[in-house]
Every structure is written in C-alpha cells, then in structure tokens.
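Ligands are counted one by one from 1 in listed order, and the atoms in each one are counted from 1 as well. We use all heavy atoms of the structure for the numbers below, so side chains are in, but hydrogens, waters and symmetry mates are not. Just so it is clear, the structure is predicted and the values come from calculations on it, not from any experiment. We're numbering straight along the sequence, starting at 1.
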Amino acid sequence: MNPQKSADRRSAIPRTDTLLADPRLVRAADRIGRPRVRGLVRDAQQHARDGDLLPEQVLSHVLAALPTGPTTLRPVINATGVVVHTNLGRAPLSPAAVEAMTLASGYTDVEYDLADGTRARRGRGTIDALLDAVPAAEDAHVTTNGAAALVLIATALAQGREIIVSRGELVEIGDGFRLPDLLTSTGARLREVGTTNRTHLADYAAAVGPDTGFILKIHPSNFLTVGFTSSVSVRELSGLGVPVVADIGSGLLHADPALPDEPDATQWLGAGADLVTASGDKLLGGPQAGIVLGRRDLVTVVRRHPLARAVRVGKLTLAALEATLRTPQTRVDQALHATPESQEARVRALVARLRDADVDATAVPCAGAVGGGGAPGVELPGWAVRLAPSFAAALRTGDPSVVGRLDRGFCLLDLRCVPPDADPSVAAAVLAVSRRLDGSPCT
Ligand SMILES: *Cc1c(COP(=O)(O)O)cnc(C)c1O
C-alpha cells in the first residue's frame with residue numbers, strides 16, 4: 001500500500017481516550033472494569049492498523065466484542081430431550097433453589113447460631129432436610145460431588161485397607177474417570193471379586209477378612225449387563241459383618257415408578273446398606289454435590305476426617321440443596337414425568353406457529369433419555385419439532401442458544417426439558433434462524 005495512504009488511515013483511527021469516553025464504554029467499564037475495556041479498544045485499533053477494519057468501524061467493533069453478561073457461561077435452552085445432560089450442566093435448578101442461593105449470597109448464618117451468638121453446625125438446615133426426606137438415614141453429610149463422597153469414605157474407612165468390590169461394578173463414570181482409579185488414589189486397596197457378568201455372595205464372603213475396610217456396592221448407572229448375569233443384593237451383603245457402602249449415583253431418594261430399575265437411597269438403606277452415596281445434580285435435581293446418608297457413627301467418622309475439609313461445600317450449595325429437597329417438584333421431576341400428551345400439544349402449537357411463518361417444521365414422536373449416566377436403556381416417550389439439519393448449528397450459536405439433537409438427518413427440538421414458558425423463546429429463535437438461513441445463499 002501507498003505509505004502516505006497508510007499513514008492517513010492510521011491517523012484516522014480513533015484515539016484510546018476518545019473511545020473510552022463513549023458513554024457506552026464508560027458504562028461497560030463500570031461493569032467489567034476499565035482495563036478490560038481498554039484491552040478490547042487496543043485490539044480493535046490494532047485490527048484497524050492491520051487494515052482489517054476501517055477507522056470508522058473501530059467503535060462498533062469494540063461494542064460488539066463487549067461481554068453481554070458477568071460470566072462467559074451462557075444460558076442454553078436444552079431441547080435435546082436428555083434430562084440430566086452433563087455437558088449442559090446437569091440438573092437445572094428450581095426457582096426455589098435459585099431464590100435460596102440469592103438469599104445466601106451475602107453474609108448468612110451458615111455456621112452461626114443467631115440466638116446464642118455462637119458457632120453452630122454448618123449447613124444444619126440442609127442436613128435436616130436430607131433426614132426428613134430419607135427417614136431411614138440416621139445422619140447425613142454433603143460433599144462437593146459424588147466422586148468426592150466416595151473418595152472421602154474410602155479415605156476415612158479404608159485407607160491402607162481393602163475395599164471389596166465386584167468386577168462387574170468397576171465403572172468409568174465419564175470423561176475418562178474411572179471409579180477404581182479414584183478409590184485407589186486414596187491409598188485403599190481394591191479387592192476385586194467375581195467376574196464381569198457374575199458375582200456371588202460366596203465371592204464376597206471369601207474376601208472378607210481383617211483387612212476389610214468395607215464392601216462397596218456400585219450401581220452401574222451408565223450401562224446394562226444382560227444375558228448370563230448375576231449380582232449380589234445389598235441385603236445379602238449386609239449379612240457379612242462388615243460395613244456396606246452403596247453408591248446409587250443417580251440421587252433418587254425414593255423409588256420412582258418411571259425408573260423401575262434405578263435404586264434409591266431409602267430402598268438400599270432399608271436393605272441394610274450402612275452408607276449410601278449419591279450425586280446432588282442428577283435425578284435429585286439440585287446443585288452439584290455429593291450426598292452421604294446412613295449410620296450416625298460412620299457419618300461422624302467421615303465428617304470429622306481431615307479430608308472432609310477439602311471437599312466441603314459452600315453456602316450456595318447448601319442453600320440450593322435444602323431448597324431442592326423441600327420443593328414439591330424439581331425441574332428434573334417435571335421433565336422426567338412430562339406426559340406425551342402435554343408434550344404433543346406444545347409441539348403442535350409450536351409447529352403451527354412456525355408453519356404460519358413458512359418454516360418447514362413437523363411434529364414427530366421421539367424418545368428422550370434420562371442421561372447423566374442414569375437409567376441406561378430407559379426411553380422417555382415424547383414429541384419433538386423436526387427441522388432441516390441446517391438449523392442445528394445456527395440454533396446453537398443463536399441468542400438464546402437452543403441445543404437440539406440430530407436424528408436421522410434432521411434437527412429435532414424435544415420440548416421435554418424446556419420449561420413451558422420458554423416455548424415462545426424457542427419459536428423466536430427458530431424464526432430468527434430461518435430468516436438468517438433464507439438470506440444466506442449457501443444453505
Ligand atoms: C455420577 C456417578 C458418580 C460420580 O458422581 P459425581 O457427582 O459426578 O461426582 C459416581 N458413581 C455413580 C454410580 C455415578 O452414577
């Protein structure tokens with residue numbers, strides 16, 4: 001380029017102070033800090049110097065680059081039909097849990113007795129809510145997640161000793177994490193018994209000895225073994241004279257007829273488990289947490305172990321978990337139990353709205369899933385809006401972001417996990433994408 005022209009263009013680039021004085025950037029600096037806004041200004045000026053932007057485009061480039069909210073996490077409308085979607089943050093919190101977190105977000109009496117002005121048991125309201133929900137448990141403890149609950153129990157009850165576990169239950173829970181590695185990382189030894197498909201009571205009985213810390217029963221929550229299989233029930237294991245720790249994973253506290261093969265905490269404690277562990281953000285429908293329920297003496301040992309301090313939950317988790325336990329119906333429950341009839345009516349209304357605007361949409365029956373490594377093989381009958389596949393990526397990157405699923409060459413929007421009051425947002429997102437796709441020559 002002509003050096004004179006290039007110099008002219010450089011001098012036309014708005015100066016940093018001028019840009020930072022723009023009222024919109026002043027407001028942005030109040031929200032996200034002046035250094036970050038200045039960084040975005042410098043980036044845009046550099047683009048202009050490099051010839052990628054015209055000088056008059058610098059300000060609008062900065063405005064477009066400003067973060068829209070206080071976090072880079074973006075809300076997503078989950079139209080996948082997968083209720084506990086790990087990549088989408090697992091359980092969505094109920095309005096009561098959100099309100100509880102807001103209330104607890106400032107100073108709060110999380111471990112303080114306001115009447116006496118003294119220290120109190122941390123999170124006692126949450127423990128009470130757990131014990132009210134599961135009367136079969138004598139005591140309860142909360143950790144940062146289900147994996148932490150297992151690590152804490154293994155450390156407190158079996159460090160330097162043996163955990164007896166069936167070879168059919170040594171599961172990988174996702175993203176390459178395996179329960180056997182997690183357990184042995186504590187310094188406990190695994191005493192594997194039985195085979196992949198069959199383990200008998202006699203296998204466990206033969207392994208019990210002076211080195212036994214506990215027997216671990218893991219619900220293989222993310223796969224099914226079918227055919228020539230057998231496993232030993234918690235009731236049978238509870239007769240072997242050593243503690244039985246049962247990992248139900250999902251977090252169901254009571255039996256759910258919609259999920260007949262999922263064990264629940266009440267059932268396994270009733271069958272004689274000494275401790276039950278579960279996640280807070282799967283079928284329980286609450287925040288990320290690990291839950292330990294069972295015998296008071298064992299919960300006390302676990303709770304008092306030094307490692308407990310390293311996997312302690314914050315006040316926000318305690319607040320959200322308590323509210324989740326007290327709320328009559330969580331959003332996970334609503335999604336799991338949404339009837340095909342109610343979903344069909346919503347899907348047909350949405351399709352009619354889209355067709356009015358000439359979008360090629362069809363109402364189709366589909367199957368949702370529990371997800372989150374829970375209830376493998378269970379299909380939840382529902383309905384979806386079927387769209388051309390080009391909608392999938394455009395809806396994901398739109399605002400609001402809508403994540404559907406691709407099925408046999410179509411983009412399906414399953415409304416099971418979409419709160420009914422968000423149906424108009426889904427319609428608006430599809431209409432916006434359809435206008436964008438119509439306008440672009442290559443789709
Ligand atoms: C999900 C799961 C875990 C891990 O729980 P996180 O809360 O994800 O740490 C452990 N065991 C089983 C059986 C699970 O399903």
Next on the checklist: One thing to verify: whether D132 and R326 come together as a salt bridge, which I'm taking to mean a side-chain N less than 4.0 angstrom from a carboxylate O.
Outcome noted: yes

Checklist entry - Would you say D128 has more than 12 foreign heavy atoms packed within less than 6.0 Å of its CG? => result yes

Item to check | N/O separation below 3.5 Å, A147 to ligand 1 | outcome: yes

Next on the checklist: Distance under 4.0 Å to a non-hydrogen atom of R90: what atoms of ligand 1 satisfy this?
Outcome noted: 6 (P), 7 (O), 8 (O)

Item to check | Sub-4.0 Å atoms of ligand 1 with respect to non-hydrogen atoms of H219 | outcome: 13 (C)

Checklist outcome for this item: Closest to atom 5 (O) of ligand 1 by heavy-atom distance, out of G251, S279, A149, is S279

Item to check | Side chain, backbone, both or neither: E169 near ligand 1, heavy atoms under 4.0 Å | outcome: neither

Next on the checklist: Using heavy-atom distances only, which candidate in D247, I248, V171 approaches atom 11 (N) of ligand 1 most closely?
Outcome noted: D247

Checklist outcome for this item: When every non-hydrogen atom of G251 is compared with those of A278, the smallest separation belongs to CA-CB, 3.6 Å

Checklist entry - Looking at ligand 1, does any of its N/O atoms fall within less than 3.5 Å of an N/O of G146? => result yes

Checklist entry - What do the steps show when you test D43 against H61 for side-chain hydrogen bond (donor to acceptor under 3.5 Å, both in side chains), and what is the final call? => result CA-CA 9 Å; D43 287 347; H61 186 86; over 6 Å; no

Next on the checklist: Suppose I only count heavy atoms of G249 and a 4.0 Å limit; which atoms of ligand 1 are within that range?
Outcome noted: 12 (C), 13 (C), 14 (C), 15 (O)

Checklist entry - Going by heavy atoms, is K282 under 4.0 Å from ligand 1? => result yes

Checklist entry - Would S105 and T102 count as having a side-chain donor-acceptor pair, cut-off 3.5 Å? => result no

Checklist entry - Mind checking whether S250 has an N or O less than 3.5 Å away from an N or O of ligand 1? => result no

Item to check | Partners passing side-chain hydrogen bond (donor to acceptor under 3.5 Å, both in side chains) against D297 (at least two apart in sequence or in another chain) | outcome: R295

Next on the checklist: Is it the case that atom CZ in R235 sees more than 12 heavy atoms from other parts of the structure closer than 6.0 Å?
Outcome noted: no

